[in-house]
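Heads up, the thing below is written out as structure tokens.
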Amino acid sequence: MTLRNRVALAGGAVVFAALLLASLVIYPSLGAGLRRQSDDVLTSAADRDASQLLKDFKFKMEQMEREGTRLTVPTSPVTVGSTQLQFVAPPVAAGPGGGFIPVSRHDVEVALGKAPAYFQDAEYGGVRYRVYTAPLSGWDGALVRAAIRQSVVTSTLDRLTVLLAVITAGGTLLAALGARLLAGRVLRPVRQLTDTVEHITATQDLTARIDVHGRDEIARLARSFTAMMAAVEESVTAQRRLVSDASHELRTPLTSITTNLELLSEGPGVADPQAPALVEQARTQTRELRDLVNDLVELARHGQQHLHTEDTRLDLLAERVVARIARRSPQVSLRTELAQCLVHADPDALERAIGNLVDNAVKWSPDGGQVLVRVAPDGTVTVTDQGPGIPEDDLPFVFDRFYRSPTARSLPGSGLGLAIVKQVAEMHGGRVTAEPQEHGLCMRLCLPPTT
């Protein structure tokens, strides 16, 4: 079943439940009200109408007596409007009711004033009546009965039952149809989202987007999906570019190693004076290949965003990095200006980033040159060299993966060191910049300090 049909059924069910509940409240309430109104009519008839009829009969009786005749009070019911009145003259005795329901012992007690007036449901001539029995005012020992057909109330309730059933059924149907029509409009973004997902699944087109306006939950879902697709597209693009660049960078040293080894394998048993040089060159290229693979692994590891962060003394970390690089680069003077600074970071990732900055500065510094490493209390690490600097055209690309300027292609390196620095900085909420100097280059790594 489609979501649109489920919404329609849910809307119809809610309206049906509401109308059914209302009917269950209205029907007994109105029925009780009609019966109470019927009882009030009977009470009024037994009091007012019976008194008026009794006066009329007394007047006629007096007139007839003056004329020498006699008129008796009728014992059969007399129709007054929608009610029927019956008088029972004294002495009231249990027995036949004079053309109506029998007189009971309870009626006798009511006539004698020993019991209060009361209501009862009775049947006479195949017709159900609501009967009110009370003592007749102004005539001691007499009884009056006011009766009304119960069909007056039941017919109204029957019509009400039909009306409530029609309203409930019609309201439920209209609500279901309305909910289905509205669901088609409300769920249109969901349909667009579904179509887009199916399109992406079928075509692998990650550029597909959904244009949705509004602030409701569906609009938020569509915007989140669009943002997710943008992130996936960016990630896939970066992976493809990484694979392409890595394959290109790996192909060169592997080809060179293969060529050198083939030259060494030619002429078995013949001493080749170039063999030591070729072997050393193969070893150098193997080290470059190893460094490239290590950088790729480091780049992939930090790209997973799994960091082990802790409070780290940035100055002590930089001091350790400088001491290690100074031992293997005696041709360059490394100087430090380290202020105490505490940051919350992954010490291993941060050590690798600072090491890449210092290694880059040492690589570009001439023999006898100087590299200055500073740590400021605000979480800034600056590495300044005395090399040739970076041309303005190359400055925007210096932190891109595998980017190497024309002047750097003759030097060892993979072009991933500064990209790793940028990634580590962004993972810690910081940034890295390159600022050309009059003589050399200043690399600045900014991290948020611990407050």
Side-chain angles (χ1 to χ4, degrees), residues 18-60 72-90 92-113 115-139 141-171:
L19 292 176
L20 181 61
L21 179 61
S23 299
L24 293 177
V25 173
I26 291 174
Y27 184 85
S29 176
L30 186 57
L34 289 174
R35 283 187 288 270
R36 186 166 51 252
Q37 183 179 4
S38 176
D39 291 347
D40 292 340
V41 169
L42 292 176
T43 303
S44 176
D47 184 17
R48 185 184 65 253
D49 295 342
S51 298
Q52 183 63 39
L53 284 175
L54 183 59
K55 290 180 181 178
D56 293 341
F57 278 122
K58 284 183 177 181
F59 176 77
K60 290 181 179 180
T72 60
V73 176
T75 58
S76 298
V78 178
T79 301
V80 180
S82 61
T83 63
Q84 295 186 18
L85 294 176
Q86 182 192 27
F87 299 99
V88 182
V92 178
F100 198 50
I101 60 176
V103 177
S104 65
R105 298 183 63 86
H106 192 186
D107 295 338
V108 175
E109 294 179 354
V110 170
L112 297 176
Y118 71 98
F119 291 93
Q120 64 175 323
D121 294 327
E123 183 175 348
Y124 179 74
V127 179
R128 297 287 297 177
Y129 287 92
R130 179 71 168 169
V131 182
Y132 176 66
T133 304
L136 182 58
S137 177
W139 194 355
L143 196 68
V144 62
R145 284 171 168 171
I148 191 171
R149 291 173 179 264
Q150 288 190 357
S151 60
V152 175
V153 175
T154 57
S155 61
T156 303
L157 292 178
D158 290 341
R159 289 193 297 270
L160 177 63
T161 301
V162 174
L163 179 62
L164 291 177
V166 171
I167 291 176
T168 301

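Basis for what follows: all heavy atoms, side chains included, without hydrogens, waters or symmetry-related copies. As the structure is a prediction and not an experimental result, all values here were calculated from the model.
Applying the ring pair (Phe, Tyr, Trp, His ring centres under 6.0 Å) rule to Y118 yields the partners H106; only residues at least two apart in sequence or on another chain are considered.
The shortest side-chain heavy-atom distance between V103 and R145 falls under the 4.5 Å cut-off. Between L34 and L157, some side-chain heavy-atom pair lies under the 4.5 Å cut-off.
For the pair S23 (side chain) and L19 (backbone), a donor-acceptor distance under 3.5 Å is present. The backbone N or O of T154 sits nowhere less than 3.5 Å from a side-chain atom of S151 that would complete a donor-acceptor pair.
Note that CG of L20 and CD1 of I167 are 13.0 Å apart. Values are rounded to the nearest 0.5 Å. L42 CG to I148 CD1: the interatomic distance, rounded to the nearest 0.5 Å, is 5.5 Å. Rounded to the nearest 0.5 angstrom, T156 OG1 and R35 CZ are separated by 11.5 Å.
Pairing each heavy atom of P135 with each of V110, the nearest pair is CD-CG1, 3.5 Å. Contact between A134 and A117 at its shortest, heavy atoms only, is CB-CB, 3.6 Å. Considering every non-hydrogen atom in both A146 and L85, the closest pair reads CB-CD2, 3.6 Å. Looking at every heavy atom in both residues, R130 comes nearest to Q150 through N-CG, 3.8 Å. Between V131 and A147 the shortest heavy-atom distance is CG2-CB, 4.0 Å. Of all non-hydrogen atoms in F119 and T43, the two that sit nearest each other are CZ-OG1, 3.5 Å.
Between the side chains of D158 and T161, no donor-acceptor pair of N or O atoms lies under 3.5 Å.
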Side chain to side chain contact (heavy atoms under 4.5 Å, CB included) evaluation trace for Q86 with V144 = CA-CA 6 Å; Q86 182 192 27; V144 62; over 6 Å; no

Does the side chain to side chain contact (heavy atoms under 4.5 Å, CB included) test come out yes or no for Y129 and I101, once each step is laid out?
-> CA-CA 10 Å; Y129 287 92; I101 60 176; over 6 Å; no

Please step through side chain to side chain contact (heavy atoms under 4.5 Å, CB included) for the pair L160 and L30, ending with a clear verdict.
-> CA-CA 9 Å; L160 177 63; L30 186 57; 3.1 Å; yes

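In the displayed structure, E109 atom CD is contacted under 6.0 Å by more than 12 heavy atoms of other residues, nucleotides or ligands.
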